[in-house]
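Just so you know, residue 1 is the first one in the sequence shown, and it goes up from there.
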Amino acid sequence: MASISTWFRYMAHKLEYSLTLSLKSHRREKLSDRELIQIIFKNLFHGKITYLHSGKGVEMSPTMAAHENTLLVRKIPIANPRYLYVGDAVVLKDPNDSDKYLVRRLAAVEGFEMVSGDAKEEPFFLDKDQCWVVAENKDIKPKEAYDSRTFGPVSTADIVGRAIYCLRTAVDHGPVRNSQTAMGQDSPILAVELDVDEMAKNHKAQ
């Protein structure tokens, strides 16, 4: 059971998520003050800030196994430097098929200079709201990897979450290695919302 201090940290994250998401909806849908407050309380007291995602992980080995994996993903209300950090394992929309999702490492964000190992390719800077994501499996050749090295920069708006726990099998699971900052922020969420039994049931159903 989570300690009181962990619960307070968890609720602080949940409140921030609820407020950010509600204000985002307010700007998009022009909600009334009453509707805004209702959404804030609904997200705060009834919703979770994680969800389960399933997928094969050849390109994300060793974090993910080659077969089907079940991930616990922390939802990202707004994909910007306040919530995303270089080194994080992020879940994003496939740039070539928006109905599918990929898990990749966030390697660079807007303003970063990208320099290729190929002298024939010119360096360039990532534009505003752009990021660079890469596969983790070092056995895959750069030009064969399905990541930014082949499909280029992606919009940070396409990032929907950060993978924080991976269940590869019923006996092989654990927290996902992310940036130190992210892991510190995610620890109270893991303490409260992680349910390995639920993940195992979801895993069997795949």
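With respect to the salt-bridge test (charged N to carboxylate O, under 4.0 angstrom), the residues Glu144 and Arg149 do not qualify.
Looking only at distances, a side-chain donor or acceptor of Ser187 sits under 3.5 Å from a matching main-chain atom of Gly184. Panel note: side chain Ser18, backbone Lys14; no donor-acceptor pair is recorded below 3.5 Å.
Between the side chains of Asn137 and Ser61, no donor-acceptor pair is found at a separation under 3.5 Å. Checking Ser179 against Thr181 by side-chain atom types alone, no donor-acceptor pair falls below 3.5 Å. In this structure, a donor-acceptor pair under 3.5 Å is present between the side chains of Glu193 and Thr50.
Listed by first and then second residue, the ring-ring contact (aromatic ring centres under 6.0 Å, His included) pairs involving residues 117-176 are Phe124-Trp132, Tyr146-Phe151, Tyr165-His173 (not counting sequence neighbours).
Counting all heavy atoms, side chain and backbone alike, Val133 lies closest to Asp147 at O-CB, 3.3 Å. Counting all heavy atoms, side chain and backbone alike, Ala89 lies closest to Asn178 at N-OD1, 2.7 Å.
When the side chain to side chain donor-acceptor pair (under 3.5 Å) test is applied to Arg74, the partners found at least two apart in sequence or on another chain are His13, Asp186.
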**OP:** Go through the steps for Glu68 and Ser54 under the test side chain to side chain donor-acceptor pair (under 3.5 Å), then give the verdict.
**Re:** CA-CA 7 Å; Glu68 203 73 21; Ser54 297; 4.8 Å; no
Subject >> side-chain contact (heavy atoms from CB on, under 4.5 Å) evaluation trace for Met199 with Leu52 >> reply: CA-CA 7 Å; Met199 292 182 72; Leu52 297 181; 3.7 Å; yes
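Residues Val134 and Arg104 form no side-chain contact, since every pair of their non-hydrogen atoms from C-beta on lies 4.5 Å or further apart.
Atom CG of residue Asp129 and atom OG of residue Ser155 lie 6.0 Å apart, to the nearest 0.5 angstrom.
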